[in-house]
Number of protein chains: 2
Amino acid sequence: MANVKTAISAQDVARRAGVSRSAVSRTFTPGASVSENTRARVMKAAQELGYHVNHLARGLVRNRSGIVCLIVSEIATPYRASLVRWLSHYLQQAGKVAMLINTDRSDNSVSLALQQAINFRADASIILSGMPDKAITQLCYKHGQRLVLINRDETLPDSLNINLDSANAAETAVMAFLRAGCRHLAFANSQAGTPSLTRRESDFIAAAAQAGLQAVVERVGSTSYESGRQLAQRLLTRHQRPDAVFCVTDLVACGFMDEARHRFALRVPDDLCIVGFDNIPQSGWSSYNLTTFAQPAEQFACDAVQWLVTGEQEEPAAGAELRNDSRLYQPELVWRGSVRGG
Amino acid sequence: MANVKTAISAQDVARRAGVSRSAVSRTFTPGASVSENTRARVMKAAQELGYHVNHLARGLVRNRSGIVCLIVSEIATPYRASLVRWLSHYLQQAGKVAMLINTDRSDNSVSLALQQAINFRADASIILSGMPDKAITQLCYKHGQRLVLINRDETLPDSLNINLDSANAAETAVMAFLRAGCRHLAFANSQAGTPSLTRRESDFIAAAAQAGLQAVVERVGSTSYESGRQLAQRLLTRHQRPDAVFCVTDLVACGFMDEARHRFALRVPDDLCIVGFDNIPQSGWSSYNLTTFAQPAEQFACDAVQWLVTGEQEEPAAGAELRNDSRLYQPELVWRGSVRGG
DNA sequence: TTGTAGGCGTTATCAG
DNA sequence: CTGATAACGCCTACAA
C-alpha cells in the first residue's frame, strides 16, 4: 500500500498496459488515433496507477500551457469578484485554467504580473486593473500571449478591448434626472484616477452641459463605500445642495445613500435622486433599491473567453498580423427606487 | 524589430553573454554561486533579449511548480472573496502563485478540481468549499501535494484543518440575547448542509438548551441574501414570533433584517435582535450595523500559507510521516447595533 | 494503428 | 566558479 513518493508517468502506464509511451500519450490526446482495444487497456492501467497527465510537460512541448492569467486588484469588491467568478467559469468551460494575480500592492505591479504570466507561458492574460507598460505587452505578444483589457478605456493594439459606453450612460442619467425634476446635478467620484472612472465623470459633465446644466464634482479617496459617505458629507453641505447625484460606482452610491439618509435625514428619492454604476448585488437589496447602470459581467467574460479560444484556432493559419478588436457595450439602466418617476 | 515568434531560451542568453547555459540557470537560481562578473553579463544579455525563466520547465525538473490551487465555489460572495483576496496576497508574498478553480457546478467537482491540481503538479491545494473523496486526496499526497481545508469542519489526515469554534460563538450569542432580554430564540439557516454551517446550527440549539431555552430552526435555499428574506417571512409569521435570531451568515442576516424592517415594520434591535456570522463589509454599513462574529480571513490566509512554506522546507529532512494539524480559531464578537445593550 | 527517436527549456550532478 | 551531460515527462514526426 505504501507507495513512497514517485509520481506516475506515462512510461509506467505504458509498461503496465504493455504498450509504448506513445500509445499512452495518444490516448490522452483528444484528436489522436488509437484503437479501441489499446485505449481501453491504457485507460485501465492509468486508472489503476492513478496516472494524471503532467500539464507542465505538456505545456512545455506544445508551447501552450492552458493557463490564463487574471490580473486584478481589489478582488474582494463586489463587481470585481463577480467578474472573476464569471471569467473563471467560462475559462474552465473552455478547458483553460485561471491563474489569479493580485495587484493590490505597488503601481508597476501590472507589469510584474505580466512577467509572471510570461514565466508560466500563459496562453493569455486578462487585465481588470491598471495599465501595463508598452514594453511588457510587446514581450507578451512575442511569447504568443494574447491580451484582453476590460474597462481600461484605452485601446491596446493586437488585443481585445472591452469597454462600456459611458457617454450613453451619462446621457441616460441626465435625462432621468431631468424627468424627475432635478436641477442641481452632482457627480461623486473617487480619486482613483482610473481612465474608465474619469471618463464617466467627464461624460456626465458633458451630458449635463448639453442639457444646459452645470454639474458639480467632488472626488474623495478610493472607490469605496467609505468614500461614498465622505462624498455625501461634502456634497450635501454645499450652499446649493444637489438634488441629483451620479455616483461613479454602486459601492460609492451605497455609502452616499446611507450617509444622506442617516446623517442628513434626507429621503431618497423624494429629496435626493441617486444613480449608480455596476449593478452589484447590494444595489438590489431593499435597503438601497438603487437605480443603476448594469455592467454585463457575464457577457464580458463569455465574450472574452470566446475571443481567446477562437483566436487560438486561427493562429496557425494566419501569418497575417493580429487585428485589434475593440468592443463598446451599451449599459442598461436598471430602474429601481432611487430616482423619482421610474 | 520584427522578431517572429520564437520565445527566448536560456540557450540564447548564454550565447549572447558568451557563457554556458548553466551559468544562466545559476544566475536565476536564488542560492547558486556565480561570480559577479558573469552574473552581470548574463543579466545584461537577458535584459536585452527579454528573457524570462520558463516556470513550466523549471517545475518539471524541480518537481515543484510554485502553483497553489484555490478550490472554491461562490467566489463572488463577500466572505469568500475576501478569503481569496488574502490567500492570493500571502501566496504571492511567499513566491507562490494562485490557481483559481471554480466549483460552482456539480457535486464531485471538488475531486475534479483536485485532479486539475495534480495535472499542474500544484505544490498544494486550499479547499474552501466542498469535501473531496478520500481516494483523490491520497493521490494528492502521493504527488507530494499538501492540502489545507478551511471551514470544512472535518479533519482530513496529513493536512491543515482550519476551523472556527462555533460552540464558543453559540454560547456567546445566547448570552448576548439573554442579556438583551430575549426569550424566543431562532436560528436562520440555509439548506446548503455544509458541515460547518450545520454545526453552527446544532451548537446554537445546544447552547440555548443549556440556558433552558428551546430555539426554533428554519432552513431555506442557498446561503444568500434572498434566503434571509424568505427565512424572515417564515420565522416572523410564526404564532410565537422570535425576538432574537442567529443567522448562519451575514448575507442571510442582511436579507433577514431588510425583510423584518421593510415588510414587517419591526425595529432592530428594539423588536428584534439579530446576530450574524462572518463580519462581511456590508455588516458595517450603516443600514445594517449588524452585530456579528468575525471570521479572521486574513489570519486564516496568513497561517495557511505559512504552514505550506514551512512544511515545504521540512519535507526533505523528514522521512517521518506528515503530522496532521488542526486549528480551532476563536471567533470575535463584533458589537454593533443589532442587539440591545451592547 | 503502432513503436522509435528526437527535442521542448530547465535544473542537478559532477568533473575540471 | 564554470561547463558538459543527464534527466524531467511529454509530444510529434517518421518509419514500420
Side-chain angles (χ1 to χ4, degrees), chain A residues 5-43 45-46 49-67 118-123 142-144 316, chain B residues 5-43 45-46 49-67 118-123 142-144 316:
Chain A
K5 62 175 88 178
T6 333
I8 312 92
S9 82
Q11 184 69 268
D12 306 323
V13 178
R15 202 153 22 223
R16 185 184 246 269
V19 298
S20 72
R21 324 152 223 188
S22 328
V24 179
S25 176
R26 279 190 276 262
T27 301
F28 288 96
T29 302
S33 66
V34 207
S35 74
E36 261 326 305
N37 184 4
T38 44
R39 146 166 273 122
R41 291 234 305 275
V42 169
M43 285 306 257
L49 260 43
Y51 168 75
H52 288 257
V53 179
N54 187 333
H55 279 33
L56 265 39
R58 169 179 279 183
L60 188 57
V61 47
R62 282 203 186 154
N63 207 25
R64 179 158 302 171
S65 61
I67 296 173
I118 294 179
N119 281 332
F120 280 95
R121 299 303 188 264
D123 298 341
K142 197 166 167 183
H143 282 263
Chain B
K5 64 176 85 177
T6 334
I8 313 92
S9 82
Q11 184 68 269
D12 306 323
V13 178
R15 200 151 26 220
R16 184 184 246 270
V19 297
S20 71
R21 318 152 226 184
S22 318
V24 179
S25 175
R26 279 191 277 263
T27 302
F28 288 95
T29 301
S33 65
V34 208
S35 73
E36 260 325 306
N37 184 5
T38 43
R39 148 166 271 123
R41 292 233 305 275
V42 168
M43 285 306 258
L49 259 42
Y51 169 74
H52 288 256
V53 178
N54 187 332
H55 279 35
L56 265 38
R58 169 179 280 182
L60 189 57
V61 49
R62 281 203 186 155
N63 206 26
R64 180 159 300 172
S65 62
I67 296 174
I118 294 178
N119 281 332
F120 280 95
R121 297 304 189 263
D123 298 341
K142 196 166 167 183
H143 282 262

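Just so you know, these numbers use all the heavy atoms, side chains as well, and skip hydrogens, waters and symmetry mates. The sequence lines fix the lettering, A, B, ..., with proteins before strands; numbering per chain opens at 1.
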Are any non-hydrogen side-chain atoms of A:Ile8 and A:Val13 less than 4.5 angstrom apart?
yes
Please report the interatomic distance [atom1]([X]) to [atom2]([Y]), rounded to the nearest 0.5 Å.
| X | Y | atom1 | atom2 | result |
| --- | --- | --- | --- | --- |
| A:Arg64 | A:His55 | CZ | NE2 | 13.5 Å |
| B:His52 | B:Ser9 | NE2 | OG | 13.5 Å |
| B:Arg121 | A:Asn54 | CZ | CG | 4.0 Å |

Would you kindly give the [atom1]-to-[atom2] distance between [X] and [N], to the nearest whole Å?
| X | N | atom1 | atom2 | answer |
| --- | --- | --- | --- | --- |
| A:Arg64 | D:dT12 | CZ | C1' | 15 Å |
| A:Arg41 | C:dT1 | CZ | C1' | 13 Å |
| A:Asn63 | D:dC10 | CG | P | 18 Å |
| B:Phe120 | D:dG9 | CZ | C1' | 15 Å |

Would you say A:Arg41's side chain and A:Ala17's backbone share a donor-acceptor pair under 3.5 angstrom?
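Checked: pair present.
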So if I define the base as every atom that isn't primed, P, OP1 or OP2, how would nucleotides 3-16 of chain C read as a B/S/- string at a heavy-atom cutoff under 4.0 Å?
BB---BBBBB----
Under 4.0 angstrom between A:Ser35 side-chain N/O and C:dT1 OP1 or OP2:
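The answer is no; no side-chain N or O of A:Ser35 sits under 4.0 Å from OP1 or OP2.
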Judged by modelled atom types alone, do B:Ser35 and B:Thr38 share a side-chain donor-acceptor pair under 3.5 Å?
yes
